[in-house]
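Just so we're clear, the structure is a prediction, and the values are computed from it rather than from any experiment. Below, read A as the first sequence line, B as the second, and so on, with proteins coming before strands; counting in each chain starts at 1.
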Number of protein chains: 2
Amino acid sequence: MAGVPETGLGHLRVTLTETAYIGPGRADLLEGIAETGSISAAGKRMGMSYKRAWSLVQALNEGFGAPLVEASRGGAAQGGAHLTDLGTEVLTRYRAMQARTAEAIAGDVAVLRALIADMSGKK
Amino acid sequence: MAGVPETGLGHLRVTLTETAYIGPGRADLLEGIAETGSISAAGKRMGMSYKRAWSLVQALNEGFGAPLVEASRGGAAQGGAHLTDLGTEVLTRYRAMQARTAEAIAGDVAVLRALIADMSGKK
DNA sequence: CTCCGATATGTTCATTCGGACATATCGTGT
DNA sequence: ACACGATATGTCCGAATGAACATATCGGAG
């Protein structure tokens, strides 16, 4: 339950085109696939069904007009999935944008948090 | 249809506490209330029902632990709503954060857009 | 030729969410 | 007393979403 992410930044969704966008959920899934080499393993790790993870991958690939994830069935490793160069680039850039955003808004976040803490405490 | 916002930044949601957060939809509603002086007018302008707009205001006020919007019924102006100091501060800061974020990620967005434009065009 | 593990899909059911209506309330003018 | 305009709530229904289950397929290993 990452209700309040450490940084204070909740969600950052970057829209590249009408159908191509990347947000925290998709990024985490891409990261999971990169690390586990499997859609189902990545999904399970995030507590979602394989079906849902697979659907997200579909939406991602179709939305971007080019595959971010490539999967294979059977074979030596009994199937699996991996990020394409595009997928890796998108993930890396997204993480970078998250970091820059967190830094850019840190000041405002601190001020607002102090403000609501005050109003709640007082009356 | 603001599918792809001019800036390229899609959604920015800032989480202050477990229940207090502000995103594009809420910010637009706050702005609408500030400008129209009415929850229903602001909602209508955004194409949502009064009920929904009112529900959002409730969630906002309860989530922050202090009211961002204060409303009144009857009276000289036949009721209306306005932002509290906290509401104004939250809205202003949010717009500022949006601007800083857009600036911070502009470079990455440009690169990614060029990349997907390429892949779609070629092959 | 069967087994295995992961992808690929379809179906069904429960829950959530929003839209559409329907009222009720309030407080100043007329 | 009544009308008006906006807030304040409740109910009901259809669409969308996701969880759960059930298969089907692929391709190398044994």
Query raised in the report: Who passes side chain to side chain contact (heavy atoms under 4.5 Å, CB included) against Thr92(A), sequence neighbours left out?
Result: Thr88(A)
Query - Sequence-distant partners of Thr36(A), side chain to side chain donor-acceptor pair (under 3.5 Å), two or more places apart - result: none
Report summary line: Within residues 20-34 of chain A, those residues having any heavy atom closer than 4.0 Å to DNA chain C are none
Requested in this report: Go through the structure and list residues passing side chain to side chain donor-acceptor pair (under 3.5 Å) with Asp108(A), not counting sequence neighbours.
Outcome: Arg93(B), Arg100(B)
**Report entry** Leu112(B) CG to Ile105(B) CD1 distance, which is reported to the nearest 0.5 Å
**Finding:** 9.5 Å
Name the atoms and distances for all side-chain donor-acceptor pairs under 3.5 Å in residues 71-80 of chain B, with sequence neighbours left out.
none

Query raised in the report: In this structure, are over 12 heavy atoms from other groups packed under 6.0 Å from Gln58(A) atom CD?
Result: yes
Requested in this report: Report the distance from atom CG of Leu86(B) to atom CG of Leu91(B), rounding to the nearest 0.5 Å.
Outcome: 11.0 Å
Sequence neighbours left out, cut at 3.5 Å: what donor-acceptor pairs do the side chains of residues 46-56 of chain B make with other protein atoms?
{"from": "Ser49(B)", "atom 1": "OG", "to": "Arg52(B)", "atom 2": "N", "distance (Å)": "3.2"}
{"from": "Ser55(B)", "atom 1": "OG", "to": "Lys51(B)", "atom 2": "O", "distance (Å)": "2.8"}

Report task. Check whether any side-chain N or O of Tyr94(A) sits under 3.5 Å from a backbone N or O of Val14(A) as a donor-acceptor pair, and report yes or no. Result -> no
Pairs: protein N or O with nucleotides 28-30 of chain C N or O, under 3.5 Å:
none

Requested in this report: Identify, with sequence neighbours excluded, every residue that meets side chain to side chain donor-acceptor pair (under 3.5 Å) alongside Ser38(B).
Outcome: Ser40(B)
Report summary line: Under a 4.0 Å heavy-atom criterion, DNA chain D is touched by chain B from dC4(D) to dT11(D)
**Report entry** Contact residues, residues 35-63 of chain A to DNA chain C [heavy atom, < 4.0 Å]
**Finding:** Ser38(A), Ile39(A), Ser40(A), Tyr50(A), Lys51(A), Trp54(A)
**Report entry** Set of side chain to side chain contact (heavy atoms under 4.5 Å, CB included) partners for Ala20(B), sequence neighbours left out
**Finding:** Ile116(A), Leu16(B), Thr17(B), Phe64(B)
Requested in this report: Sorted by first residue and then second, give each salt bridge (charged side-chain N to carboxylate O under 4.0 Å, His left out) pair with at least one member in residues 31-49 of chain B; sequence neighbours left out.
Outcome: Glu31(B)-Arg95(B), Glu35(B)-Arg45(B)
